[in-house]
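Below: the structure, in structure tokens.
Both backbone and side-chain heavy atoms feed into the values below; hydrogens, waters and symmetry mates do not. Chain letters run A, B, ... following the sequence lines, proteins first and then strands; every chain starts at 1.
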Protein chains: 2
Amino acid sequence: MGTIYDLAKKTGFSITTVSKALNNYKDVSDKTRAKILQAAAEMDYLPNAHAQSLSTKKSWAIGVMFSEANEVGMKHPFFNGIIESFRHATEEQGYDLIFASRNLRNRDMSYLEHFKHRAVDGIVVICSDRMDEQVQELMRSDIPIVVVDMDSANCSVVYSDNIEGARLAVNYLHELGHRKIAHIAGDETIDAGAARIKGYELAMQELNLPIQPGYLVNAGFFSVDEGKQAMERLLELDDQPTAVFVAGDQMAIGVIEAIHEHGLHVPNDISVIGYDDIEMIQYITPKLTTIRQDTDEIGEAAAELLLEQMTAKERLTERRIIPVRLVERASCAPVKQ
Amino acid sequence: MGTIYDLAKKTGFSITTVSKALNNYKDVSDKTRAKILQAAAEMDYLPNAHAQSLSTKKSWAIGVMFSEANEVGMKHPFFNGIIESFRHATEEQGYDLIFASRNLRNRDMSYLEHFKHRAVDGIVVICSDRMDEQVQELMRSDIPIVVVDMDSANCSVVYSDNIEGARLAVNYLHELGHRKIAHIAGDETIDAGAARIKGYELAMQELNLPIQPGYLVNAGFFSVDEGKQAMERLLELDDQPTAVFVAGDQMAIGVIEAIHEHGLHVPNDISVIGYDDIEMIQYITPKLTTIRQDTDEIGEAAAELLLEQMTAKERLTERRIIPVRLVERASCAPVKQ
DNA sequence: CAAGTTACCGAAAGCGCTTTCGGGAAGAGG
DNA sequence: CCTCTTCCCGAAAGCGCTTTCGGTAACTTG
């Protein structure tokens with residue numbers, strides 16, 4: 001492949017001139033630039049990224065911290081959509097993504113340490129647990145950073161409009177005639193969970209609907225099983241809800257399972273509305289009505305906020321809230337009289 | 001954070017000694033090593049990865065080429081499981097994954113070029129299209145490489161035992177009494193598709209079952225829609241099959257949809273068996289019986305084959321075939337008499 | 001006690017690139 | 001014809017680290 005020295009030797013120019021030609025400096029004539037470029041193509045020369053980074057202090061790499069409660073990593077059906085869209089957006093600007101291990105040659109270090117070691121230009125964290133000490137550490141650092149699906153005053157963040165999403169869900173059920181509306185919630189330590197609870201409470205209040213005892217149940221961390229268990233608690237109630245707003249699609253799948261196992265029908269006996277709009281809910285029975293989060297737009301917004309900081313070379317703290325919308329399918333029906 | 005020079009100044013030793021202490025050379029006394037390590041901790045010194053790579057020619061990074069026909073990237077429900085497992089396995093050895101963009105500061109280059117530019121230690125390619133010129137180029141290069149879900153004599157490969165998987169599927173249907181067994185296949189340009197076709201033909205032959213005209217239908221690239229369309233062609237036949245072996249779970253979802261839309265029932269009228277065992281098929285109705293590919297093991301095997309080459313510093317060409325197994329759920333039933 | 005080991009440390013070169021700064025040649029202006 | 005710009009180009013330092021090689025001090029050994 002050769003180095004810049006080889007190119008210099010081949011063309012007869014100094015490495016300085018070669019470097020300048022390659023980097024479009026203005027103080028090299030078109031003629032010599034052409035010669036150098038041609039020679040570079042001939043010996044398919046490629047600059048060494050490490051050498052470049054060393055001397056420019058810019059690595060063209062973005063560190064990704066991806067971590068969620070259920071440890072499924074890239075298999076996470078919602079987060080992986082965000083990552084994918086983020087990747088597209090940053091790729092266009094010439095950045096590579098690096099998924100850092102926490103293990104540097106068997107000395108384990110924090111994500112921050114690792115990212116500093118790798119000298120990334122920016123960091124994106126997709127992590128649901130705001131208490132994670134690793135995340136805190138990243139947010140305290142001075143590396144440009146953007147955090148997805150989590151709120152914070154100390155760095156740029158992007159997340160869906162969860163309050164509005166919850167309101168959409170509750171209002172929709174209300175329009176269908178439901179009054180006994182329960183909420184199967186995500187854990188409050190997760191911002192998205194907390195916000196949807198708040199939205200639920202707000203919406204109920206606006207509609208003058210009381211939240212009956214036992215109608216707000218914490219289902220933990222968005223897994224199918226937890227959703228199922230939560231629904232079972234709801235089904236034990238004397239005064240069962242006629243509709244339930246579930247804080248996540250995966251939980252909603254468990255919820256429907258539980259309802260079916262109890263011999264009841266969705267949506268005829270109980271209406272269910274989810275949150276996220278992950279792919280698989282189009283294929284279950286009944287197809288799940290849900291609040292759609294726009295992963296494409298979330299990823300793009302995250303990229304935008306990060307790129308902004310990286311070019312400005314200073315930390316900004318912008319907050320971007322992405323609109324959600326209701327996707328009507330078949331899991332909700334008018335209340336039975 | 002400081003450099004090795006700062007550390008040297010702080011401790012009074014030369015940078016040579018500092019470097020040696022950090023890298024566990026034997027020719028530095030325990031006492032001075034301790035001092036240096038302590039000082040390093042105090043100023044939380046971290047070596048700069050670019051400088052290290054530049055001088056050692058080892059980047060501790062693995063390039064990932066991830067590309068499939070449907071352009072869903074990391075959202076791909078099967079491939080993302082492999083990546084995740086691969087990531088775990090390589091992480092343990094201290095490697096980071098780099099998802100390379102094909103765009104180097106707005107000059108577009110090939111994956112190979114990009115990986116050379118980044119000086120990765122190895123490459124993993126997860127790509128279904130064997131004709132992809134980019135993949136060919138990677139395989140021709142001299143960088144350690146492992147290819148997943150594709151066969152080749154020129155580099156290390158790992159894939160599932162597709163022949164055996166197809167055989168398992170067909171035999172299972174046969175045991176249920178089915179004789180009219182169709183195959184909705186993946187495109188033959190994709191190794192996995194071709195192998196499953198071959199397995200299907202083999203198994204049918206072994207059972208002395210003729211493959212009726214129209215029973216082998218190419219459904220293209222494993223999407224739900226393509227599966228659906230293929231099934232519709234099958235349903236137009238005068239002599240309809242009683243069971244169909246579908247080369248991918250996503251296609252099988254479309255297949256079931258098509259059957260239902262025609263007023264028929266799965267599995268009572270037609271049995272369906274899929275391939276892959278992606279998560280969502282546990283939640284559809286009926287739960288899909290399928291051939292399970294072990295993504296964990298595939299990812300681990302890929303990591304193993306790659307690490308092997310990277311430490312040996314030479315290209316090996318080992319072939320690893322991962323066993324599959326039948327997962328019985330509810331989409332197949334004994335044939336009606 | 002002289003000679004030979006062994007243990008520990010440092011000077012310096014090198015990895016491949018960028019960038020400042022200065023200098024020579026060619027052109028502009030009087 | 002002389003001075004002042006403008007246009008090109010290159011020497012050299014520097015980015016932060018590793019590694020070879022040699023040298024000194026301390027320690028054995030007979």
Show, in sequence, the C-alpha distance, side-chain angles and deciding distance for B:Phe99 and A:Phe99, and conclude whether the ring pair (Phe, Tyr, Trp, His ring centres under 6.0 Å) test is met. CA-CA 8 Å; B:Phe99 285 76; A:Phe99 285 77; 4.9 Å; yes

Between B:Glu137 and B:Arg140, is the salt bridge (charged side-chain N to carboxylate O under 4.0 Å, His left out) condition met? List the steps. CA-CA 5 Å; B:Glu137 194 186 33; B:Arg140 280 194 302 266; 5.4 Å; no

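Donor-acceptor pairing under 3.5 Å is lacking for the side chains of B:His76 and A:Asn80. Judged purely by distance below 3.5 Å, without hydrogens or angles, the side chains of B:Ser19 and B:Thr16 never pair a donor atom with an acceptor atom.
In this structure, the side chain of B:Asn48 engages the main chain of B:His50 through a donor-acceptor pair within 3.5 Å.
When side chains are defined from C-beta on, A:Gln52 counts as touching B:His117, because their heavy atoms get closer than 4.5 Å. With contacts defined as side-chain heavy-atom distances shorter than 4.5 Å, the pair B:Arg319/B:Asp151 qualifies.
Summary for the helix from C:dC1-D:dG30 to C:dG30-D:dC1: the axes at its two ends, each from 5 pairs, differ by 40° when rounded to the nearest 10 degrees.
Two residues, B:Thr16 and A:Ala51, neighbour DNA chain C, and the one matched to the more 5' nucleotide by heavy-atom proximity is B:Thr16. When each of A:Asn48 and B:Thr17 is assigned the nucleotide of DNA chain C with its nearest heavy atom, B:Thr17 is the one assigned upstream, toward the 5' end. Of the two residues near DNA chain D, A:Tyr5 and A:Phe13, the one whose nearest nucleotide lies more 5' is A:Phe13.
Reading DNA chain C from its 5' end, the first and the last nucleotide to sit under 4.0 Å from a heavy atom of chain A are C:dG16 to C:dC21.
In this pair, A:Phe79 and A:Phe66 present their aromatic rings perpendicular. The plane angle is above 60°, beyond the 30 to 60° band.
Contacts between residues 19-28 of chain A and DNA chain C, counted as heavy-atom distances below 4.0 Å, involve A:Ser19, A:Lys20, A:Asn23, A:Tyr25.
Using a 4.0 Å heavy-atom criterion, one finds that B:Ser53 contacts no nucleic acid atom at all.
Distance CD1/B:Ile82 to CE/A:Met74: 12.5 Å, rounded to 0.5 Å. In this structure, the separation between CG on A:Leu305 and CD on A:Glu318 is 5.0 Å, given to the nearest 0.5 Å.
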